[in-house]
Amino acid sequence: MTTERATRGTINPWEVAQQQFDLAADRLNLDAGLRRVLREPRRELIVHFPVKMDDGSVQVFTGYRVQHNLGRGPAKGGIRYHQGVTLDEVKALAMWMTWKCAVVGIPYGGGKGGVIVDPKQLSQRELEGLTRRYATEISIIIGPERDIPAPDVNTNSQTMAWIMDTYSMHVGYTVPGVVTGKPIALGGSEGRNEATARGTVYCIVEAARHLNLDLSKATVAVQGFGNAGSIAARLIGEEGSTVVAVSDSTGGIHDPSGLDIAKVVAWKAEHGTVQGFPGATDVSNATVLEVDCDILIPAALENQITERNAGKIKAKIVAEAANGPTTPEADAILFANGVFQIPDILCNAGGVTVSYFEWVQDLNRDFWDEAEVNSKLKGIMVKAFKDCLAMSLRENVNMRTAAYLLAVQRVADATAMRGLYP
Ligand code: GLU
């Protein structure tokens, strides 16, 4: 945790996001005007809002909602609750959503929201109050045709239910399409909860095929044990791989003979941490990235793989279930060392893809079963992976740059075709 904070503190995700964009823009010879447009967010909303706490006091929280680009459709992207949230982080996450939606070809721009709060310190009632007031503050820019939030770090289907209800109360009728990642009973989609992890595993299966890696003999380390990490650990086990290390924000555990993920999930539910799991060795969060394994899944926060530790990574595949886990300097080191990266904007796009399915189902009042959701998700993920791989081989660039070349070109084309208003 100390390492995580120290590293995250010194690297600004917005500078990373702009650097990644610049690399692609240079290669694409992007028109200078377009470049200036796409390099900045379209809208940034900062809100300071009061919440009545359980002890009767009133606290003021700060939140953000950023819309990076609206060229291909409404803004789309999650809301995170974390004590380390900054405006620059939310700007970076919003820009990454723009490219992510373009990589998988769904009709959205990019957005993101965040509130500076450690939700683990709040009661359920305080969390509801915070969520409803934050939703009220950002309601001036969200809506099913304008900007559609979803879960992200430390938010979930309950958070989305409160936002949906708050928005609906304001307009006077029920608007399921204003957020995705809702409970099924409120117009959520089958398969949405597992979608980020499922998309990551579809990408890993394709990468393993490309590299001739036998997944039934592969070992895996997962950093982060939230929605993406814990479910990815379970699903990769269904491919026959052995998970040898996992971590959460409190630290990690390592067992070279393999961890029983269902039991680790139960242990964390009971003890609030993966650490202390019987039979495994407690290790630091940073160590989990460097253990002996074939596949590393960073599924926590930004800036975890940097120039300081990239050279120590032993995995053959790094599958970025998190947003922004790797810095540009670390990308170069991994590429030089022959590590195959599946970049965030491709690797974790399963979440927003099923969010898109959820939104379509809500707007049509027509709901699909899980098999249909998963098969459509697989089709989109596999095609996006193949498009990126073909681009990477053709241009001799890493998979991140390949994904950016595809995405930035799509957004640039849409922007250019629409023309400059007025
Ligand atoms: N927060 C997720 C992401 O970073 C999902 C966003 C969404 O479904 O809109 O991709």
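Computed from a prediction, not measured in an experiment: that's the story for all the values here. Whatever order the structure lists them in is the order used to number ligands and atoms, beginning at 1.
Taking the six-membered ring where tryptophan is involved, the planes of Phe21 and Trp99 are essentially parallel, since the angle between them stays under 30° and well short of 60°. The aromatic rings of His68 and Trp14 lie perpendicular to each other, with more than 60° between the two planes, well past the 30° mark.
Side-chain contact, Asn323 with Asn348: a donor N or O sits under 3.5 Å from an acceptor N or O.
Listed by chain and number, Lys76, Gly77, Gly78, Met97, Lys100, Lys112, Ala150, Pro151, Asp152, Arg192, Asn323, Gly351, Val352, Ser355 each place a non-hydrogen atom less than 4.0 angstrom from ligand 1.
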Just distance, no hydrogens or angles: give the donor-acceptor pairs under 3.5 Å from side chains in residues 103-119, sequence neighbours left out.
unit_1 : atom_1 : unit_2 : atom_2 : d
Lys112 : NZ     : Asp152 : OD1    : 3.0
Asp118 : OD1    : Lys120 : N      : 3.1
Asp118 : OD2    : Gln121 : NE2    : 3.2

Q: Please test Gln409 against Asp413 for side-chain hydrogen bond (donor to acceptor under 3.5 Å, both in side chains), starting from the C-alpha separation and ending with a verdict.
A: CA-CA 6 Å; Gln409 188 68 62; Asp413 286 348; 2.9 Å; yes

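Between His210 and Phe340, the ring center distance clears the sub-6.0 Å criterion.
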